[in-house]
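Shown next, in structure tokens, is the structure this report addresses.
For this chain, numbers begin at 1 and follow the sequence in order.
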Amino acid sequence: MKRLMLFFGVVLMVEGQLKYPQYNPDYYGRRFAILRQSHDQDFGGSYAFSYDTENGISVAEQGQPKNVGGAGQAEVVRGQYSYTAPDGTPILVTYQADENGFQANGAHLPTPPPIPAAIERALAYNAAHPEEEDPYNRRYYGQGK
């Protein structure tokens, strides 16, 4: 019985290696060296790291905990990364992540189209003239007679 279990264990390991091969750093045909790398971390939760690679990728990030009142603690992270796109365009993205979410900025990132003038006027009118409560609407929500 022990031999049978050992046999099935070896078969499962071989199958796993065939189905899920290990990461191959030469997959794209070339390795890129790290030219510069730094990492600093303290016991208070603050950290900073950066690195530059041979193929022009540059990354820098720093973070520190922030007290958010009664909600506890949140991590505030600021950073940037840059690289060259396949068409030769330099790409630079700066970002911040905190209790308000992740906000990225970059010249290449898409921006929403401008709001049409008619919709801006309608939004301004709605903000200036809030609807008065209609007594008939209360019936539909079970609050009236």
Side-chain angles (χ1 to χ4, degrees), residues 5 7-145:
M5 294 297 286
F7 174 74
F8 282 124
V10 170
V11 167
L12 288 174
M13 285 192 301
V14 169
E15 180 190 14
Q17 289 295 320
L18 293 175
K19 274 188 173 179
Y20 309 106
Q22 298 297 317
Y23 169 73
N24 182 359
D26 288 330
Y27 181 76
Y28 293 107
R30 179 163 183 233
R31 289 184 183 190
F32 293 103
I34 294 177
L35 301 175
R36 184 185 62 81
Q37 180 177 4
S38 68
H39 183 262
D40 298 317
Q41 189 165 358
D42 67 13
F43 291 108
S46 297
Y47 70 92
F49 72 86
S50 64
Y51 62 88
D52 294 324
T53 63
E54 183 182 30
N55 64 343
I57 296 172
S58 178
V59 177
E61 181 177 295
Q62 61 184 9
Q64 65 272 353
K66 176 182 177 184
N67 195 356
V68 204
Q73 248 183 354
E75 190 76 19
V76 177
V77 176
R78 289 182 183 85
Q80 69 178 31
Y81 60 89
S82 64
Y83 62 95
T84 303
D87 65 354
T89 307
I91 304 294
L92 172 66
V93 176
T94 58
Y95 59 88
Q96 177 175 338
D98 55 16
E99 68 273 7
N100 298 318
F102 179 82
Q103 300 104 25
N105 296 309
H108 68 289
L109 295 176
T111 57
I115 298 175
I119 293 178
E120 282 185 354
R121 286 193 306 270
L123 291 172
Y125 178 83
N126 288 343
H129 302 92
E131 292 182 0
E132 295 178 10
E133 185 177 337
D134 186 359
Y136 297 106
N137 283 341
R138 284 193 242 162
R139 273 189 260 173
Y140 295 112
Y141 298 107
Q143 297 173 356
K145 294 182 180 179

Grab the two heavy atoms, one from Tyr47 and one from Glu75, that are nearest each other, plus how far apart they are. CE2-OE2, 3.6 Å
Mind listing the closest non-hydrogen atom pair of Gln64 and Ser46 along with its distance? CB-OG, 3.3 Å
Evaluate side-chain hydrogen bond (donor to acceptor under 3.5 Å, both in side chains) for Glu61 paired with Tyr81, printing each intermediate quantity in order. CA-CA 8 Å; Glu61 181 177 295; Tyr81 60 89; over 6 Å; no
So, for Arg36 and Ser50, which heavy atoms are closest and what is the spacing to 0.1 Å? NH1-OG, 3.0 Å
Got a second to check how far Leu35's CG is from Thr53's OG1, nearest 0.5 Å? 6.5 Å
Only counting residues at least two apart or in another chain, list the ones meeting side-chain contact (heavy atoms from CB on, under 4.5 Å) with Asn100. Asp98, Gln103
Before giving the answer on side-chain contact (heavy atoms from CB on, under 4.5 Å), spell out for Val93 and Tyr83 the whole-Å C-alpha distance, their side-chain angles and the decisive distance to 0.1 Å. CA-CA 9 Å; Val93 176; Tyr83 62 95; 5.6 Å; no
Interatomic distance, OG1@Thr84 vs CG@Leu92, rounded to 0.5 Å, equals 11.0 Å
With a 6.0 Å cut-off (strictly less than), is the heavy-atom count around CD1 of Ile115, excluding the residue itself, greater than 12? no
If you look at every heavy atom in His39 and Phe49, which pair is closest and at what distance? CD2-CB, 3.6 Å
I need the Gln96 CD to Arg78 CZ distance, nearest 0.5 Å. 4.5 Å
Considering all heavy atoms, the nearest Ala85-Ile91 contact: CB-CG1, 4.0 Å
For Glu54 and Ala33, indicate whether the former's side chain and the latter's backbone hold a donor-acceptor pair under 3.5 Å. yes
If you define the side chain from C-beta out and look only at heavy atoms, does anything of Val77 sit under 4.5 Å from Tyr95? yes
Crowded around Tyr125 OH? As in, over 12 foreign heavy atoms under 6.0 Å? no
